There are 2 protein chains.
Amino acid sequence: MRATLELIGERGADAVTHRAVAERAGVPLSGTTYWFESKDALLQEAFVLAAREEVERLERVVLELAPRELTVGEWADAIAATLAHQSETEPERHVALFELGLESARRPALRAEAERLLGAHLRLAALGARAAGSDDPEADAPVIVAAISGLIFAQLALPRQGFERDVLRPALERLFERLTSGAAIRA
Amino acid sequence: MRATLELIGERGADAVTHRAVAERAGVPLSGTTYWFESKDALLQEAFVLAAREEVERLERVVLELAPRELTVGEWADAIAATLAHQSETEPERHVALFELGLESARRPALRAEAERLLGAHLRLAALGARAAGSDDPEADAPVIVAAISGLIFAQLALPRQGFERDVLRPALERLFERLTSGAAIRA
DNA sequence: CGGTGAGTGGGACAAATGTACCAAGGGGCG
DNA sequence: CGCCCCTTGGTACATTTGTCCCACTCACCG
């Protein structure tokens, strides 16, 4: 399954063949057909794995940051650093997650997983928004989730030097600053 | 090329075969190999077509809305309605554009087109932000673009009834309201 | 210790697929 | 009109790919 995810990231979803996966995983061809009923099942389980791991990882990060009473700038720093680190160490992960999203529109079996992933994103974003001083975390969460995934997508599509410093961090800080400034207005 | 885009949207990028495209387009098999040097070339040109049409369409919408001095709520309405309309009438278009983004990381030939698309998005978002009263349109544009593409992605992955009313519009209004409220603070 | 069953390794095969080839059409230009 | 070339329609073929099958290993359990 991990070999499958790597292939999706490096060469696209249609580079995922039994043979390519088996070779990368270092198992004979029949290994992939023995463990997975079909190629579709393999793809599906790989997506599910990626989604679950992502949820776990996010929970670790947010649950560690939330109690710390960070400023919005520190939140932006921390999230930008985490995302940038992920993009460098395993760029295929986010590619696979986006492909998961696109596939879930076509495969009912993946919808549940995509739903779980989006739900976790929203929950964690609301938690972070509350910790950062938002006056309406439930309203901010969808905006934050959308913006972050949009930023990740932009970096995947057009990888560039200095993305974290020049784009990711300023955008996140601007967003967080503005979302949390509502309290000041209404006060 | 249009048949190719439809196939990408409906059955995924690896459903794009010469035969499937030819059948859908109503031409013989050799029609696809005659006009396109290879399957990759066909995919590439289809992506380019989708991107160019999207830029044109966006320019029409934004250039029509910008001079009207809309409130942020009206901006949110207009954009939400446009996006919802697109999702309904040709859902495969956005799927194809996301696939274009993911592919552009792998195909240098697509990078230029992805760049053009992102550039147009940023330019138009900055224009809209300025028209809506942002005090720093250049800083807001990346946030707006990321948030909108993230929202589109969420709807593609998990199509749901009432998305426009329940998610898209509230999220856009919240975002716009907060981004443009900065002027009030600093004033 | 013998058997048994999960897992491995290698190969086979039919279907799908990319691509090349060729014969025929048909409209525009001399 | 007659020629030519762009285009069409159909077919052929080598390769790739999904899937299946079977002989074999070997750790575990009675």
Side-chain angles (χ1 to χ4, degrees), chain A residues 1-53 92 95-96 98-111 113, chain B residues 1-52 92 95-96 98-100 102-111 113:
Chain A
M1 280 152 52
R2 219 160 297 274
T4 304
L5 292 179
E6 290 173 22
L7 279 173
I8 292 175
E10 288 173 22
R11 303 202 283 124
D14 56 346
V16 177
T17 68
H18 280 146
R19 285 166 179 82
V21 171
E23 189 183 355
R24 179 171 290 249
V27 301
L29 170 60
S30 48
T32 61
T33 63
Y34 180 76
W35 287 96
F36 301 95
E37 205 172 321
S38 69
K39 183 188 136 183
D40 274 1
L42 168 60
L43 262 176
Q44 227 157 81
E45 297 203 36
F47 280 140
V48 170
L49 172 70
R52 302 226 164 144
E53 286 185 347
E92 79 276 2
V95 176
F98 276 100
E99 298 271 15
L100 160 64
L102 295 179
E103 277 296 304
S104 89
R106 298 187 276 266
R107 299 174 193 240
L110 285 178
R111 282 190 59 106
E113 211 58 39
Chain B
M1 281 152 53
R2 220 162 295 276
T4 304
L5 292 178
E6 290 172 22
L7 280 173
I8 291 176
E10 288 172 22
R11 304 203 281 124
D14 58 344
V16 176
T17 68
H18 281 144
R19 285 165 178 83
V21 171
E23 188 184 357
R24 179 171 289 251
V27 301
L29 170 59
S30 48
T32 62
T33 64
Y34 179 76
W35 287 96
F36 301 96
E37 205 173 321
S38 68
K39 185 189 135 184
D40 274 0
L42 168 59
L43 263 176
Q44 225 157 83
E45 297 203 35
F47 280 139
V48 170
L49 172 71
R52 302 227 164 144
E92 78 278 1
V95 177
F98 275 101
E99 299 269 15
L100 159 64
L102 295 180
E103 278 296 304
S104 88
R106 296 186 277 267
R107 299 174 192 241
L110 285 178
R111 282 191 58 109
E113 211 58 38

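Throughout, a chain's letter reflects where its sequence line sits, starting with A, and its residues are numbered from 1. Because the structure is a prediction, the values reported are computed rather than measured.
Looking at heavy atoms from C-beta onward, A/Val48 lies out of side-chain contact with A/Met1 at the 4.5 angstrom threshold.
Going from atom CZ of A/Arg19 over to atom P of D/dT15 covers 14 Å, rounded to whole Å. Distance, B/His18 NE2 to D/dA14 C1': 16 Å, rounded to whole Å. C/dT19 atom C1' lies 13 Å from atom NZ of B/Lys39, rounded to whole Å. In this structure, A/Asp14 atom CG and C/dG18 atom C1' are separated by 13 Å, rounded to whole Å. Whole-Å rounding puts the A/Leu29 CG to C/dG7 P distance at 18 Å. A straight line from CZ of A/Phe36 to P of D/dG18 spans 14 Å, rounded to a whole angstrom. Rounded to an integer number of Å, the gap from CH2 of B/Trp35 to P of D/dG9 is 13 Å. Remark: P of D/dG18 and CG of A/Asp40 are 10 Å apart, rounded to the nearest angstrom.
Residue B/Arg2 qualifies as open at atom CZ: its count of foreign heavy atoms under 6.0 Å is 12 or below.
Closest approach of A/Ala51 and A/Leu100 over heavy atoms only: CB-CD2, 3.8 Å.
Distances from the side chain of A/Ser30 to the nucleotides C/dG7, C/dG10, D/dT19 place C/dG10 closest. When each of D/dT19, C/dG9, D/dG9 is scored by its nearest atom to the side-chain atoms of A/Pro28, the top-ranked nucleotide is C/dG9.
Using a 4.0 Å heavy-atom cutoff across all strands shown, B/Val21 reaches no nucleic acid atom at all. When heavy atoms are screened at a 4.0 angstrom cut-off, B/Thr17 is found touching the sugar-phosphate backbone but no base atom.
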When the side chains of residues 4-13 of chain A are checked against the rest of the protein, which donor-acceptor pairs come out under 3.5 Å, sequence neighbours left out?
from: A/Glu6; atom 1: OE1; to: A/Arg24; atom 2: NH1; distance (Å): 2.8
from: A/Glu10; atom 1: OE1; to: A/Arg24; atom 2: NH2; distance (Å): 2.9
from: A/Glu10; atom 1: OE2; to: A/Arg24; atom 2: NH1; distance (Å): 3.2

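Each of B/Thr33 and A/Glu37 was matched to the nucleotide of DNA chain D holding its nearest heavy atom; the match closer to the 5' end belongs to B/Thr33.
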